[in-house]
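Attaching a single structure in structure tokens format; questions to follow.
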Amino acid sequence: MSPVQTALKGLVADLHERGRLRVWSLVITFFGDAVAPRGGRVALAVLQDVMGRLGVEAGALRTALSRLAADQWVMRERAGRNSLYALDGHGRHAFDQATRLIYAPGPPDWDGTLTAVVAPPGIEAREAGRALEALGFAPTGPASWLRPETAQSADAGGALAGLLVLSERPAVVPPGLADLWDLAPTAAAYAAFRDAMAPLLASLEASEPACLLDAAAARTLLVHDWRRIVLHDPGLPAELLPPAWPGDAARDVARRIYGHLSRPSEAWLDRAGLPPLVDSAAFASRFGLADA
């Protein structure tokens with residue numbers, strides 16, 4: 001067994017030891033990372049190969065695909081005797097929103113603008129708060145919230161309806177502003193990711209994967225674990241983050257591993273019969289690799 005296979009074996013074991021595996025989420029990761037850039041359509045046999053390498057049984061995969069189809073993430077198509085799965089409209093939209101966060105080269109750019117939101121009398125503050133906090137706002141009181149407006153900030157849209165909203169660039173950013181967000185769980189998740197992926201990075205820096213399918217499976221697992229953290233990160237700009245923020249080191253690990261896996265995993269996707277990349281330049285810029 002090669003060093004890469006040994007590292008991958010350990011990561012797959014960890015994946016299954018966390019509790020009941022959400023196979024549908026793992027499938028979504030593969031679609032978003034590998035299938036969407038190639039047009040959004042993939043044969044069932046390809047899914048079975050990758051998921052099987054990650055220890056997912058065929059029955060569990062079929063159940064996950066049925067759930068995703070019912071939830072309008074994917075749709076099933078027939079091509080002769082083959083089954084194909086394609087991204088539905090809902091799935092495409094969700095991937096477009098998540099991609100810029102998952103593959104960002106670093107914390108978002110910020111021009112210093114802060115948005116303050118207040119719920120006036122007559123507005124249910126608890127319900128408004130749930131919607132706003134899901135969009136990266138932090139509570140500053142029982143009926144008020146704050147968010148730095150960055151290049152990656154989600155569109156608040158209807159969540160601001162009926163609320164008092166003020167956006168401006170203060171001359172001085174209040175010290176300790178980041179304390180409004182509970183960053184401890186996110187920091188711990190980044191540190192755990194960095195440590196868990198360290199053996200895989202070391203093995204890849206010593207030698208490239210001998211098996212192309214291993215590269216595709218490892219890349220799927222890398223992005224799966226990474227996106228679970230990033231999509232729950234409040235996305236604060238570097239100016240507000242604490243010193244020695246573990247997200248920086250974790251992102252560097254993700255970037256380096258992705259760089260090592262991109263070529264062999266893309267070669268496996270080519271051999272598996274997927275269409276070519278729709279936008280090779282956009283793919284090359286993931287994690288800022290094109291600028292490295």
Side-chain angles (χ1 to χ4, degrees), residues 25 28-29 32-33 36 92-118 128-141 144-160 163 165-170 173-194 197 222-258 282 285-292:
S25 182
I28 281 295
T29 296
D33 179 64
R92 286 183 180 277
H93 178 67
F95 286 139
D96 289 344
Q97 290 186 315
T99 293
R100 61 193 178 97
L101 299 176
I102 295 171
Y103 303 106
D109 294 334
W110 183 49
D111 67 359
T113 299
L114 295 170
T115 295
V117 179
V118 178
R130 281 196 293 267
L132 290 170
E133 288 168 33
L135 294 168
F137 286 84
T140 58
S144 60
W145 301 266
L146 189 73
R147 181 179 80 171
E149 294 300 323
T150 72
Q152 295 177 7
S153 293
D155 182 7
L160 300 177
L163 304 177
V165 181
L166 175 64
S167 291
E168 65 175 46
R169 295 165 63 182
V173 176
L177 190 63
D179 293 341
L180 293 172
W181 289 265
D182 183 9
L183 296 177
T186 303
Y190 277 129
F193 173 90
R194 177 198 62 210
M197 292 293 166
L222 170 79
V223 176
H224 183 66
D225 285 356
W226 177 250
R227 78 176 183 91
R228 289 170 63 241
I229 305 171
V230 174
L231 296 184
H232 290 90
D233 186 328
L236 298 183
E239 295 87 339
L240 298 182
L241 289 171
W245 175 242
D248 295 335
R251 190 180 300 274
D252 181 61
V253 168
R255 177 188 298 111
R256 291 159 65 190
I257 293 176
Y258 203 87
S285 68
R286 287 180 167 184
F287 290 108
L289 285 167
D291 300 324

Test item: Thr186 and His232 side chains (from C-beta on) under 4.5 Å apart, heavy atoms
no
Distance-minimising heavy-atom pair for Gly157 and Asp155:
N-OD1, 3.0 Å
Ion pair Asp248/Arg251, N-O distance below 4.0 Å:
no
Hey, could you give me the CG/OH distance between Leu289 and Tyr103, rounded to the nearest 0.5 Å?
11.5 Å
Step by step, would you call Leu222 with Phe193 a side chain to side chain contact (heavy atoms under 4.5 Å, CB included)?
CA-CA 9 Å; Leu222 170 79; Phe193 173 90; 3.7 Å; yes
Only counting residues at least two apart or in another chain, list the ones meeting side chain to side chain contact (heavy atoms under 4.5 Å, CB included) with Arg228.
Arg18, His224, Asp225
Shortest non-hydrogen contact from Pro246 to Arg194?
CB-NH1, 4.4 Å
Main-chain N/O of Ile102 paired to Trp226 side chain as donor or acceptor, under 3.5 Å
yes
Smallest heavy-atom separation, Trp145 atom then Pro139 atom, equals CD1-CA, 3.5 Å
Would you compute the distance between atom CG of Leu160 and atom OG1 of Thr115 and round it to the nearest 0.5 angstrom?
8.0 Å
Where Leu236 and Pro108 come nearest, the two heavy atoms and their spacing:
O-CD, 3.6 Å
Side chain to side chain contact (heavy atoms under 4.5 Å, CB included), that's the test. Do Val173 and Leu240 meet it? Break it down for me.
CA-CA 9 Å; Val173 176; Leu240 298 182; 3.8 Å; yes
Non-neighbouring partners of Arg286 that pass salt bridge (Lys or Arg N to Asp or Glu O under 4.0 Å), sequence neighbours left out
Asp33
Check whether any side-chain N or O of Arg147 sits under 3.5 Å from a backbone N or O of Leu114 as a donor-acceptor pair, and report yes or no.
no
Could you tell me whether the side chain of Trp181 and the main chain of Gly136 form a donor-acceptor pair under 3.5 Å?
yes
Say whether, by atom type as modelled, one donor and one acceptor occur between the side chain of Ser285 and the main chain of Gly288 under 3.5 angstrom.
no
Less than 3.5 Å apart, any donor N or O on the side chain of Arg227 or Ser25 sitting next to an acceptor on the other?
yes
Passing option when Thr140 is tested against Val118, Val117, Leu146 for side chain to side chain contact (heavy atoms under 4.5 Å, CB included)
Leu146
Smallest heavy-atom separation, Thr113 atom then Ser167 atom, equals CG2-CB, 4.2 Å
Interatomic spacing from CH2 in Trp110 to CD in Gln152 - rounded to 0.5 Å
14.5 Å
Using side-chain heavy atoms (C-beta onward) and a distance below 4.5 Å, is Pro237 in contact with Pro107?
no
Shortest non-hydrogen pair, Ala154 vs Leu135, comes out as CB-CD2, 3.8 Å
